[in-house]
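Have a look at the structure below, then the notes.
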Number of protein chains: 2
Amino acid sequence: MSPSNPPAAAPSPLSLERQICYAMHTTVRAFDGVYRELLAEHGLSYPQYIALMTIGEHGPVTVGRLGELMRLDSGTLSPLLKRMEGARLVGRARDPEDERRVVVSLTAGGRERLDSLGDVPHRVAERSGLSRQQLVDLHRTLRQITESLDSPA
Amino acid sequence: MSPSNPPAAAPSPLSLERQICYAMHTTVRAFDGVYRELLAEHGLSYPQYIALMTIGEHGPVTVGRLGELMRLDSGTLSPLLKRMEGARLVGRARDPEDERRVVVSLTAGGRERLDSLGDVPHRVAERSGLSRQQLVDLHRTLRQITESLDSPA
DNA sequence: GGCAATTAAGTTGTGCGCAATTTGATAGTA
DNA sequence: TACTATCAAATTGCGCACAACTTAATTGCC
């Protein structure tokens, strides 16, 4: 111990806002870690899983539309989708009606992989130790944050 | 539109767990974006800010201890701290009592920078649109998730 | 003392994420 | 038609994050 150390419990209370900032940072990492673990055996990263899920739900989508849904730009999605194409999970094709656009769709293998992952979110939720009500509240809170942070400049 | 497309609104309700997974992914990104914006003028990234805050609160700490507090390993912290050292925000020194350890501490400039950032968390919380009670609840939920995900293998 | 096992930090390789730029296609207009 | 502006995706560069490995110091045991 250094001689000038404070007793033990930090006296500074730190504002709630500061604690939230800190908790958000660390908790999300723990959350991601569980997904990483559960998805590893399926050969998927967490972002790849979200992409698979989003394409599966919304059907064939352009890269731009997928970016809106996932809140990611082409700089992130292009290489990610290229890897998923390499893994035979999705197909990419230029839109004949507008050659600027690239339409992404699930392959049969991608659909199969997605179906086999159906219980992963449930297992994560279980491990989180949250009650049903807490999950509902958390979901509403997260949506509220996104909306609020989105709208004003 | 492909011929076999479902009408429009996806009939699959998607489980709450799935929605939470998705919301966590997108919301955290929005949250980070606001921090990025507010911290940019101070020349700090969000992880650098968290590190600065953590070192500031806990006093000089070893890299390992900082990793426990921030939930990051040396593979992330070593280059991050090296950049912060280059920016004259922190100092790094081998512990004379155990030369394996590296002790990280705030420089005068680092302390000053940290102090000048005091209202950033408050501004982020404001923008989030959450009530005081929601902030309290969110904080408790996040802590509960971390604890629960940490403990069992 | 000598030496294997452990520990702390750093390094390497890969993927995610964003800002800024580039490439190529479409739209608009003289 | 030709020229410009706009738009979609891809590319480049940098930082964060983690797994796996390396390096160097300490501990433990003989």
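From a predicted model like this one, the values you see are computed outputs, not experimental measurements. Here is how names work: the chains are called A, B, and so on, in the same order as the sequence lines, proteins then strands, and each is numbered from 1.
- At a cut-off of 3.5 Å, with distance as the only test, a side-chain donor of B/Arg29 or B/His25 sits close to an acceptor on the other residue.
- At the heavy-atom level, B/Gly64 lies under 4.0 Å from the strands shown only through sugar-phosphate atoms.
- Among the heavy atoms of the strands lying under 4.0 Å from A/Arg92 are primed sugar atoms or P, OP1, OP2 only; no base atom is included.
- As rounded to whole Å, 21 Å separates atom P of C/dT14 from atom CG of A/Leu39.
- Atom-to-atom, CG of A/Leu80 to P of D/dA10 comes out at 12 Å; the value is rounded to the nearest Å.
- In the displayed structure, A/Glu99 atom CD is contacted under 6.0 Å by more than 12 heavy atoms of other residues, nucleotides or ligands.
- Atom-to-atom, CZ of A/Arg36 to P of D/dA17 comes out at 11 Å; the value is rounded to the nearest Å.
- Summary of the strand contacts: A/Ser74 and A/Pro96 both lie near DNA chain C, and taking for each the nucleotide with the nearest heavy atom, the more 5' one is attributed to A/Ser74.
- For the pair A/Leu66 CG and C/dG17 P, the computed distance is 12 Å after rounding to whole Å.
- Taking 4.0 angstrom as the limit, A/Ser78 places a side-chain polar atom (N or O) nearer than this to OP1 or OP2 of D/dA10.
- Among the heavy atoms of the strands lying under 4.0 Å from B/Ser45 are primed sugar atoms or P, OP1, OP2 only; no base atom is included.
- Using a 4.0 Å cut-off, some side-chain N or O of A/Lys82 falls inside it from OP1 or OP2 of D/dT11.
- Phosphate contact (OP1/OP2 of C/dC18, side-chain N/O of B/Arg29, threshold under 4.0 Å): present.
- Between A/Arg100 and B/Met70, the residue anchored nearer the 5' end of DNA chain D, judged by the nucleotide with its closest heavy atom, is A/Arg100.
- Separating the OH atom of B/Tyr46 from the P atom of C/dC18 is a distance of 14 Å, rounded to the nearest angstrom.
- At whole-Å resolution of the value, CG in B/Asp95 and P in D/dT26 are 9 Å apart.
- Separating the CG atom of B/Leu81 from the P atom of C/dT11 is a distance of 12 Å, rounded to the nearest angstrom.
- A/Arg65 comes within 4.0 angstrom of no nucleic acid atom, judged by non-hydrogen atoms across all strands.
- Between C/dA9 and B/Arg101, no contact under 4.0 Å exists linking OP1 or OP2 to a side-chain N or O.
- If you take CE on B/Met24 and SG on B/Cys21, they are separated by 9.0 Å, rounding to the nearest 0.5 Å.
- Looking at heavy-atom distances under 4.0 Å, A/Leu77 makes no contact with the nucleic acid at all.
- Of the N and O atoms on the side chains of A/Thr146 and B/Thr27, at least one donor lies less than 3.5 Å from an acceptor on the other residue.
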